[in-house]
J.: 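First, the structure itself, so that you have it in front of you.
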Amino acid sequence: APVTIRTLSEALGVKANDILRKLMNMGQMATINANLDDDLAAELALEFGMELQVIHERTAEDDFLEAFAPPVESENLLPRPPVITILGHVDHGKTSLLDRIRKSKVVQSESGGITQHIGAYQVEYNDKPITFVDTPGHEAFTAMRARGANVTDIVVLVVAADDGVMPQTVEAIAHAKAANVPIVVALNKIDLPNVDTTTNISKIYGELAQQGLNPVEWGGDVEVVKTSTVTGAGLTDLLATLETIAELHELKADPTRPATGTCLEASLSEGRGVLATVLVREGTLRVGDIVVCGDGFGRIRALFDDHGRSIEQAGPSFPVEISGLDVVPTAGENFAVTDDIARAREVAETRRVRARDASQAERQTVTLENLYNRMAEQKVKSLNLIVKADVQGSIEAIVKELEKLENAEVPIRILLKAVGGISESDIILADASQAIVIGYRVAPEDRAITMADEKNIEIRRYDIIYQVTDDVKKAVEGMLVPEI
Ligand code: GDP
């Protein structure tokens, strides 16, 4: 367990209040149950003239978490299917694309079976499977990432040829980039008669290039595939492109390990109990395996594929529905197989207790005020900003000023710069990426305010550019101190 002020106070025989005071002198605020990292605890002990060595007892959870360590170079690494998520502006054709790909290219099998929506499905191209996550949209994508799940290998960005790059396209690009995932553009609705194939397309290429996605046809490195979910044009090309990119990235996994992966969605079904769709990342998941997923655990009673067929096992990148967990996990939570049901119960119960505690204690997120300390603690590596403003000109002016403030110690990353009010999607991105939201002459939507409060995300609003740069300048220099 981590060191807290309370345990440190007991270990040193020093009053907790005296430790808190020292911390305050170091410019940090904390509560008695706040976690301290080991170095800080040792530093505090030194302040009281004691040398502290922190030895952590191994817990069942430590053993469990070790299962997520990437496999060391092993002879068992084999290519695995890529996992794809489709993002894009509303009505540009994400759902149609998912459906059309599913219908045209579903893995054929003799037993047939009706396709089931379990959160993901597989299609086959060139005799190789490709996995599609069934929930399109960057909110779900980034909400999963906030829980530590990076399931997506490649993002397909759908852009309608009659509409071009729209606000949510810009958002989607920012979310994919923040996750460091390669992007393939599906230039969709290419069948529409009003899509002038030369001028319209070069206009959209220009918009994409402006967002940092320079099309291959223009000498850049972003594949743009022209598609239509109505005629089916380009869909095979799209799958071929995905396969090429997957090969380029040499996606591999070890199917011989005990399985680990991520929950994509879950529900409680009358009669069948807890059902969860999981995506296997490493190893092979089998009926009878003991699984911990989030703060739930259980022995797998049955596995079902995306046709609702009962199967015995599922390997890397395969989506399967499992039954047998005791509580409904949250999408984005990781699972791992262990060999001991008592240990699985112990991990799950520790987590339930911790979840209760955590909902009481305040979460530590990044603000301009605590940025400097958070960086000193190495909890964050850069100042991540989301800049929303009233007009494009404001954005350009702010970004130009911010770039001047960057220094070697405090890199400034602007994850998203866009015209418009502050939305829930911005808060989700900030939460997943430890970012601060800056609104210049724009207001947050009500739902965004509520969510920011819940998640402790800092929204700063400004009307004058030099105030933005002043605050950021002070923050990167460690000059902004909390007002108490
Ligand atoms: P989503 O909001 O991105 O999931 O978009 P949908 O898949 O729901 O599609 C929005 C609308 O665009 C629907 O009316 C679709 O029928 C239509 N649509 C989608 N793809 C195409 C296409 O390739 N060509 C044409 N003409 N219409 C399309």
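As the structure lists them, so they are numbered: ligands from 1, and atoms in each ligand from 1. Just so it is clear, the model here is predicted, and its values are computed rather than measured.
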J.: Please list the nearest protein heavy atom to atom 18 (N) of ligand 1 with its residue and the distance rounded to 0.1 Å.
T.: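 Here the closest protein heavy atom is K189 CE, 3.7 Å.
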J.: Provide the number and element of each atom of ligand 1 under 4.0 Å from a heavy atom of H89.
T.: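 Answer, ordered by atom number: 3 (O).
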J.: Hey, would you say the Y440 and Y462 ring centroids sit under 6.0 Å apart?
T.: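 No.
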J.: Look at the side chain of R413 and the backbone N and O of L383, then say whether any donor-acceptor pair between them is shorter than 3.5 Å.
T.: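 It does not hold such a pair.
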J.: I'd like to check whether T227 has a polar contact with ligand 1, where a contact means an N/O of the residue lying under 3.5 Å from an N/O of the ligand.
T.: no
J.: If we ignore hydrogens and angles and just use 3.5 Å, is the side chain of R460 paired with the main-chain N or O of I438 as donor and acceptor?
T.: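 Answer holds: no.
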J.: Between R272 and E321 (salt bridge meaning N to carboxylate O under 4.0 Å), is one present in this structure?
T.: yes
J.: Do S425 and E171 meet the criterion of a side-chain donor-acceptor pair at a distance under 3.5 Å?
T.: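 Checked: S425/E171 side chains pair up, N/O donor to acceptor below 3.5 Å.
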J.: Check the surroundings of atom CD in Q467: do more than 12 heavy atoms from other residues, nucleotides or ligands lie under 6.0 Å from it?
T.: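 Enclosed: over 12 neighbouring heavy atoms sit under 6.0 Å from CD of Q467.
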J.: Can you name the atoms of ligand 1, numbered from 1 with element, that are less than 4.0 Å from a heavy atom of S228?
T.: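 Within the 4.0 Å cut-off of S228, ligand 1 contributes 23 (O).
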J.: Is N126 atom CG crowded by more than 12 heavy atoms from other residues, nucleotides or ligands, each under 6.0 Å away?
T.: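 Yes, the 6.0 Å shell around CG holds more than 12 heavy atoms from other groups.
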J.: What protein heavy atom is closest to atom 2 (O) of ligand 1, reported as residue, atom name and distance in Å?
T.: D91 N, 2.7 Å
J.: Would you say that more than 12 heavy atoms from the other residues, nucleotides or ligands in this model lie under 6.0 Å from the CD of E312, or not?
T.: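 Check fails, neighbour count at 12 or below.
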J.: Is a salt bridge present between R102 and D134, judged by a nitrogen-to-oxygen distance below 4.0 Å?
T.: yes
J.: Looking at atom 6 (P) of ligand 1, would you say a protein heavy atom lies below 4.0 Å from it?
T.: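 Given the 4.0 Å cut-off, atom 6 (P) of ligand 1 counts as touching protein heavy atoms.
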J.: One residue to check: T229. Relative to ligand 1, which of side chain, backbone, both or neither has a non-hydrogen atom less than 4.0 Å away?
T.: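 For T229, backbone and side-chain atoms both sit under 4.0 Å from ligand 1.
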J.: Would you say H89 and T169 are linked by a side-chain donor-acceptor pair, where the criterion is simply a distance under 3.5 Å?
T.: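 Their side chains do not contain a donor-acceptor pair, so the 3.5 Å distance test is not met.
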J.: By number and element, which atoms of ligand 1 are closer than 4.0 Å to a non-hydrogen atom of K94?
T.: 1 (P), 2 (O), 3 (O), 4 (O), 5 (O), 7 (O)
J.: Quick check on atom 13 (C) of ligand 1 - does any protein heavy atom sit closer than 4.0 Å to it?
T.: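 Neighbour list for atom 13 (C) of ligand 1 is empty of protein heavy atoms (cut-off 4.0 Å).
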J.: At a 4.0 Å threshold, what atoms of ligand 1 neighbour a non-hydrogen atom of V230?
T.: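 Per the distance check, 22 (C), 23 (O), 24 (N), 25 (C), 26 (N), 27 (N).
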J.: Within the 4.0 Å heavy-atom shell around L192, which atoms of ligand 1 are there?
T.: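 Per the distance check, 26 (N).
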J.: Under 4.0 Å from any heavy atom of N188, which atoms of ligand 1 are there?
T.: 20 (N), 21 (C), 23 (O)
J.: Over 60° means perpendicular and under 30° means parallel, so tell me whether H138 and H175 are parallel, tilted or perpendicular.
T.: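 The arrangement is tilted - the two ring planes meet at 30° to 60°.
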J.: Does ligand 1 have a heavy atom under 4.0 Å from the side chain of D191, from its backbone, from both, or from neither?
T.: side chain
J.: Side chain, backbone, both or neither: which part of H92 comes within less than 4.0 Å of ligand 1 when only heavy atoms are counted?
T.: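 The backbone, only.
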J.: What is the closest protein heavy atom to atom 4 (O) of ligand 1, and at what distance does it sit?
T.: T95 OG1, 2.5 Å
J.: Would you say I190 has any N or O atom under 3.5 Å from an N or O of ligand 1, going by distance alone?
T.: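 No, there is no polar N/O contact under 3.5 Å.
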J.: Of the protein's non-hydrogen atoms, which lies at the shortest distance from atom 9 (O) of ligand 1, and what is that distance?
T.: S96 OG, 3.5 Å
